[in-house]
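Report on one structure; see the data block that follows.
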Number of protein chains: 2
Amino acid sequence: MFTMAELTSRQREVLELIQAHQQSEGASPTIRELGAGLKIGINGVVGHLRALERKGFLEYRPNRARSLRLISPLHSLRKHVVDVPLFGSIPAGVPDNRDQEAEGCVSVDIETLGIPKPSARVFALRVNGDSMIGKHILSGDIVVLEHGREPRHGDVVAALIDGESTLKTYVVKSGKSYLKAENPRYPDLIPSDELVIQGVVCALVRKAKDSKSGERRS
Amino acid sequence: MFTMAELTSRQREVLELIQAHQQSEGASPTIRELGAGLKIGINGVVGHLRALERKGFLEYRPNRARSLRLISPLHSLRKHVVDVPLFGSIPAGVPDNRDQEAEGCVSVDIETLGIPKPSARVFALRVNGDSMIGKHILSGDIVVLEHGREPRHGDVVAALIDGESTLKTYVVKSGKSYLKAENPRYPDLIPSDELVIQGVVCALVRKAKDSKSGERRS
DNA sequence: GGCCATAGTGAACATTTGTTCACCTCAGCG
DNA sequence: CGCTGAGGTGAACAAATGTTCACTATGGCC
């Protein structure tokens with residue numbers, strides 16, 4: 001609660017402007033751009049920047065263009081964010097790069113995703129149907145999968161069944177591996193070598209349904 | 001799979017270097033920085049940048065420092081990413097800004113989170129215990145909450161009970177609102193006006209447990 | 001062989017951008 | 001009253017950075 005209190009309102013304005021510029025332009029503003037945004041000259045801006053730096057909200061490298069960096073308690077905790085392509089389903093065996101066909105982009109930091117490196121072979125699927133409800137995965141959830149990883153007993157995997165990506169649990173039973181649906185209504189147990197495993201689930205994201213739109217179960 | 005194929009290996013190198021620099025430094029590299037990284041002169045770099053721009057992988061504003069921007073199918077789908085402070089629990093009634101006490105940072109795009117604007121009043125909690133298993137929220141999950149929003153019937157909310165943040169379902173029954181635990185073992189029904197509601201759950205993130213840490217079967 | 005794209009080098013040049021110096025106003029404070 | 005800090009203006013300067021011109025070399029292609 002100190003964080004914001006130490007700042008004057010004008011300084012907060014500057015900080016927010018920098019942040020806004022970074023978000024919209026992808027790079028920090030220059031001093032003159034800030035000046036234009038605040039309708040003041042460059043020296044007014046310099047004064048603010050110095051104050052903000054002294055107070056520990058900013059950091060920048062001398063003599064480097066657009067090197068302003070915000071420092072906030074959050075920023076120091078911030079991890080690397082990866083952009084994961086979201087597919088409706090995956091028709092064939094996931095060639096190396098089909099980002100073009102993504103129908104969405106899920107950006108999450110790797111810490112939260114639980115993957116060590118931004119290895120390119122990560123993608124996301126929107127879950128359709130309640131077949132994995134036993135694993136507490138609901139219809140509408142987004143699952144993030146890693147392709148090419150060896151599944152282990154109990155992992156949830158996406159497999160290509162009848163031309164559709166389907167979620168199953170990977171189980172090992174007396175030396176053989178099977179895929180199992182987590183829904184009593186589909187008690188199949190399919191030998192896993194008969195199928196192509198497209199990826200192993202490493203994370204899940206669920207959006208609370210917008211209370212305005214209806215519910216699915218009666 | 002076309003995306004990458006159109007590039008020479010050297011061009012791919014350039015692209016990756018730009019991306020790496022953006023991630024690590026927070027800003028695009030300059031031409032000379034790229035040159036240093038690739039161990040070539042500035043004109044070699046310029047050639048590559050032109051080629052990459054012509055092929056549609058890059059964009060940049062003339063005469064602007066560090067204005068390189070990657071263009072990929074994913075980038076065009078990319079949404080605004082917000083940094084959400086992750087708390088173990090929230091002792092008191094969420095004053096305006098307590099980012100300093102965050103024990104982690106969850107960065108997710110707003111589209112996936114399902115919030116319209118990056119209103120500052122968003123925070124995350126790590127779920128402890130299975131009290132919400134009826135809503136398919138597990139121990140270890142991270143829930144993202146919006147503070148100050150009016151809960152609706154069926155929403156999951158965090159409430160301060162005995163000095164601890166606890167997840168409950170908000171229900172309305174004959175004109176009165178209650179909080180209900182989604183676990184048959186805790187069938188409490190608490191009138192909601194007796195408690196402080198800290199936030200309404202708008203999203204959930206689950207990390208698949210790291211198979212390497214716990215179970216390992218021979 | 002001529003043509004074109006890739007992949008460079010080297011040097012000059014122009015613009016952007018950060019930095020600094022001098023000076024001003026205003027509110028609060030002892 | 002003089003002092004300090006916030007918040008400015010204006011101009012000049014220097015470093016960083018993008019741009020361009022000239023030229024070389026290689027490999028594929030018709």
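Every heavy atom of this structure was used, including side-chain atoms; hydrogens, water molecules and symmetry mates were not. Since we're looking at a predicted model, the values are computed, not measured. A, B, ... follow the sequence lines: proteins, then strands. Residue 1 opens every chain.
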Please check the phosphate of [N] (OP1 and OP2 only) for any side-chain N or O of [X] closer than 4.0 Å.
X       : N      : answer
A:Arg10 : D:dG8  : yes
B:Gln11 : C:dA5  : no
B:Thr8  : C:dA7  : yes
B:His48 : C:dA7  : yes
B:Lys39 : C:dA7  : no
B:Arg54 : C:dT6  : yes
B:Arg64 : D:dT17 : no

Rounded distance in Å - [atom1] ([X]) to [atom2] ([N]):
X       : N      : atom1 : atom2 : result
A:Ile31 : D:dT9  : CD1   : P     : 14 Å
A:Glu33 : C:dT15 : CD    : P     : 17 Å
A:Leu34 : D:dG8  : CG    : P     : 12 Å
A:Ile40 : D:dA6  : CD1   : C1'   : 11 Å
A:Arg66 : C:dT16 : CZ    : P     : 11 Å
B:Ile42 : C:dA11 : CD1   : P     : 11 Å
A:Leu49 : D:dG7  : CG    : P     : 12 Å
B:Asn63 : C:dT16 : CG    : P     : 6 Å

Could you state the interatomic distance from [atom1] ([X]) to [atom2] ([Y]), rounded to the nearest 0.5 Å?
X        : Y        : atom1 : atom2 : value
B:Asn128 : B:Leu138 : CG    : CG    : 12.5 Å
A:Tyr178 : A:Thr169 : OH    : OG1   : 15.5 Å
A:Leu204 : A:Lys135 : CG    : NZ    : 12.0 Å

Would you tabulate the nitrogen or oxygen pairs shorter than 3.5 Å linking the protein to nucleotides 24-30 of chain D?
none

Inset, instruction - Please examine the side chains of A:Leu145 and A:Val122, heavy atoms only from C-beta on, and report whether any two atoms are closer than 4.5 Å. - result: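 No; the side chains remain at least 4.5 Å from each other.
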Inset, instruction - Could you check whether B:Gly41 gets within reach of a base, just the sugar-phosphate, or nothing at all, counting any heavy atom under 4.0 Å? - result: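 Contact class for B:Gly41: sugar-phosphate only.
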Inset, instruction - May I ask you to decide if B:Thr8's main-chain N or O and B:Gln11's side chain share a donor-acceptor pair within less than 3.5 Å? - result: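 Looks like yes, one N/O pair under 3.5 Å.
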Legend entry - Heavy-atom donor-acceptor pair, B:Arg32 side-chain to D:dG18 base, under 3.5 Å: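 Under the 3.5 Å cut-off, the side chain and the base do form a donor-acceptor pair.
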Inset, instruction - Select one nucleotide: of D:dG18, D:dT19, C:dT19, the one nearest the side-chain heavy atoms of B:Thr30. - result: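 So the side chain of B:Thr30 is nearest to D:dG18.
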Pair [X] + [Y]: basic N to acidic O under 4.0 Å:
X       : Y       : result
A:Lys55 : A:Glu6  : no
A:Arg64 : B:Glu33 : yes
B:Arg50 : B:Glu53 : no

Legend entry - Listed partners of B:Glu111 passing side chain to side chain donor-acceptor pair (under 3.5 Å), at least two apart: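 Listed in chain order: nothing, the list is empty.
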Legend entry - Position toward the 5' end of DNA chain C (nearest nucleotide), B:Ala65 or B:Gly44: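 Looking at the nearest nucleotide for each, B:Gly44 comes out on the 5' side.
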Legend entry - A:Arg10 atom CZ, neighbour heavy-atom count above 12 within 6.0 Å: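 Yes - once you tally the heavy atoms of other residues, nucleotides and ligands closer than 6.0 Å, there are more than 12.
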Can you give me the N/O atom pairs linking the protein to nucleotides 21-25 of chain C at distances under 3.5 Å, or say none if there are none?
{"residue": "C:dC21", "atom": "N4", "partner": "A:Asn43", "partner atom": "OD1", "Å": "3.2"}

